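Note that the structure is predicted; figures quoted are calculated from it, not measured. Note that the numbering runs from 1 along the sequence shown for the chain.
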Amino acid sequence: MKKILATGSAGFIGSNLVLRLLKTESPVEIVGFDSVNDYYDPSLKEWRLKQIEKCAAEHPESKYTFVKGNLADKAIIDSLFEQHHFDIVVNLAAQAGVRYSITNPGAYIESNLIGFYNILEACRNYPVEHLVYASSSSVYGGNTKVPFSEEDKVDNPVSLYAATKKSNELLAHSYSKLYNIPSTGLRFFTVYGPAGRPDMAYFGFTNKLLKGETIKIFNYGNCKRDFTFVEDIVEGVQRVMHNAPEKRVGADGLPLPPYKVYNIGNSSPENLLDFVQILQEELIRAGVLPADYDFESHKELVPMQPGDVPVTFADTSALERDFGFRPSTSLREGLRRFAEWYKEFYG
């Protein structure tokens with residue numbers, strides 16, 4: 001039975017990954033780890049954890065444990081590794097959000113740098129088969145060449161969040177080289193779906209429209225985002241988890257770093273105005289908003305925000321080549337699933 005540590009397991013991607021592993025890989029032993037902080041409504045995180053508990057109860061052949069703790073607490077991380085000797089570690093815990101990083105940089109240093117360092121140290125002292133960790137499309141910064149390829153230079157982050165994610169890739173590379181730890185970084189592109197993060201545009205827009213507030217559409221609507229449905233993301237993570245980069249020796253007799261980075265995105269950037277149009281149609285269809293809702297009076301086109309980029313667009317050819325997989329859920333289908341969940345969850 002594989003032993004898997006999933007950090008950020010009360011989070012959006014982490015909870016979906018744990019559910020998928022329980023449903024498709026049982027018997028499996030999973031330790032979920034999360035601080036359940038109040039960056040956004042903790043009741044949403046508690047709801048996700050309850051979904052996992054329900055699912056775990058349906059798979060008694062598997063073992064699921066949840067540990068509440070802070071990634072920056074080295075003692076708790078070390079004791080977890082000492083106790084469980086994990087085969088695979090999936091580090092999805094991070095302080096997310098570009099805009100929040102402008103006003104609260106300390107949260108990013110603690111979680112994304114110190115926390116990640118603690119994971120790397122634990123993988124060094126208690127060797128694992130594979131460390132998989134969340135990077136981000138934000139590492140591409142202001143790159144103008146699209147689609148973004150893993151071969152592109154990523155030395156110009158435009159937010160602290162992006163800088164911490166690029167740092168994770170650099171740290172993982174050095175640990176892979178020095179200690180022969182197989183590691184894979186996954187650059188996620190604008191993940192969305194049911195029970196997502198309320199600070200993401202589609203969720204925040206829905207909350208505001210429901211309250212009759214105005215939604216701000218940045219760069220006057222001239223932004224494009226490669227929206228990627230959460231189930232496509234976790235399928236990608238699951239496929240990567242079980243295929244660690246090969247340990248090999250170089251011409252100098254020293255290990256070559258068993259290290260990879262992949263994009264996981266939908267490879268079809270959507271214009272923000274089209275995205276808002278589809279969202280409003282699906283919110284009406286699900287009965288979240290009335291059919292006669294006056295969207296035009298609740299929309300405001302505003303300039304670009306600091307830390308934002310005009311376009312994200314994933315080249316996923318490496319993922320397709322190595323894992324035979326590419327995300328394929330259409331934006332309409334994904335937003336429909338979100339709208340239906342929102343109606344059910346918030347009534």
Side chain to side chain, Val288 and Tyr346, heavy atoms closer than 4.5 Å: no

Taking it one step at a time, do Arg99 and Gln305 satisfy side-chain contact (heavy atoms from CB on, under 4.5 Å)? CA-CA 8 Å; Arg99 291 191 193 106; Gln305 289 287 286; 3.6 Å; yes

If you compare all heavy atoms of Glu110 against all heavy atoms of Ala72, which two are closest, and at what distance to 0.1 Å? CG-CB, 3.4 Å

For the hydrophobic clusters of this structure (ILVMFWY residues joined by side-chain heavy atoms under 4.5 Å, transitively), does one cluster hold both Val31 and Leu22? no

Flag yes if Ile264 and Leu331 sit in one hydrophobic cluster, no otherwise; membership is Ile, Leu, Val, Met, Phe, Trp, Tyr, and two members link when side-chain heavy atoms are under 4.5 Å apart. yes

Using a strict 4.0 Å threshold on nitrogen-to-oxygen distance, state whether Asp152 and Lys145 make a salt bridge. yes

Judged by modelled atom types alone, do Lys153 and Asn143 share a side-chain donor-acceptor pair under 3.5 Å? no

Taking the six-membered ring of Phe12 as reference, does the cationic atom of Arg197 (NZ for Lys, CZ for Arg) lie under 6.0 Å from its centre and within 45° of its axis? no

Here's one to test your reading of the geometry: is the NZ or CZ of Lys165 within 45 degrees of the ring axis of Phe188 and under 6.0 Å from its centre? no

With rounding to the nearest 0.5 angstrom, report the CD1 to SG distance, Ile217 to Cys223. 10.5 Å

Flag for Asp322-Tyr262: side-chain donor and acceptor within less than 3.5 Å: yes

Verify the ring-centre separation between Phe203 and Phe338: is it less than 6.0 angstrom? yes

Check for me whether the distance between the ring centres of His59 and Tyr64 falls short of 6.0 Å. no

Which class fits the ring pair Tyr202 and Tyr192: parallel under 30°, tilted 30 to 60°, perpendicular over 60°? perpendicular

Does Asn263 reach the main-chain N or O of Phe148 with its side chain, forming a donor-acceptor pair under 3.5 Å? yes

Glu344, CD: over 12 other non-hydrogen atoms inside 6.0 angstrom: no

Pair Arg225, Asp308 - check salt bridge (Lys or Arg N to Asp or Glu O under 4.0 Å), show working. CA-CA 11 Å; Arg225 288 290 177 270; Asp308 248 346; 3.5 Å; yes

Can you tell me if Thr228 and Asn266 form a side-chain donor-acceptor pair at under 3.5 Å? no

Decide whether Asn91 and Thr7 meet the rule of one side-chain donor and one side-chain acceptor closer than 3.5 Å. yes

One pair to check against salt bridge (Lys or Arg N to Asp or Glu O under 4.0 Å): Arg239 and Glu235. What are the steps and the verdict? CA-CA 6 Å; Arg239 286 175 182 237; Glu235 179 172 348; 2.9 Å; yes

Check the side chains of Ser267 and Thr316 for a donor-acceptor pair under 3.5 angstrom, ignoring hydrogens and angles. yes

Under 3.5 Å, is there a donor on one side chain and an acceptor on the other for Asp78 and Tyr126? no

Could you check whether Glu150 pairs with Lys260 (Lys NZ or Arg NE/NH1/NH2 to Asp/Glu carboxylate O, under 4.0 Å)? no

Is a side-chain donor or acceptor of Lys208 paired with a backbone partner of Leu210 at a separation under 3.5 angstrom? no

Kindly indicate, with the supporting measurements, whether the criterion side-chain contact (heavy atoms from CB on, under 4.5 Å) is fulfilled by Ile215 and Glu300. CA-CA 6 Å; Ile215 61 171; Glu300 185 188 353; over 6 Å; no

Under a 4.5 Å cut-off applied to non-hydrogen side-chain atoms, are Gln95 and Tyr39 in contact? yes

Does Arg332 pair with Glu282 as a salt bridge, N-O distance under 4.0 Å? yes

Taking the side chain as C-beta and beyond, is there a heavy-atom pair between Met304 and Pro310 under 4.5 Å? yes

Would you say the side-chain atoms of Thr184 and His130 include a donor-acceptor pair closer than 3.5 Å? yes

Under 3.5 Å side-chain donor-acceptor pair for Gln238 and Thr24: yes

Side chains of Glu25 and His242: donor-acceptor distance under 3.5 Å anywhere? yes

Pairing donors with acceptors under 3.5 angstrom, does anything connect the side chains of Tyr175 and Glu121? yes

Just by distance, do the side chain of Lys3 and the backbone of His84 share a donor-acceptor pair under 3.5 Å? yes

Is NZ or CZ of Arg187 both nearer than 6.0 Å to the six-membered ring centre of Tyr140 and within 45° of the ring axis? yes

Does the pair Val89 and Phe81 meet the rule for a side-chain contact (heavy atoms from CB on, under 4.5 Å), with working shown? CA-CA 10 Å; Val89 174; Phe81 275 74; 3.7 Å; yes

For residues Ser101 and Ser159, is any side-chain donor paired with an opposing acceptor at under 3.5 Å? no

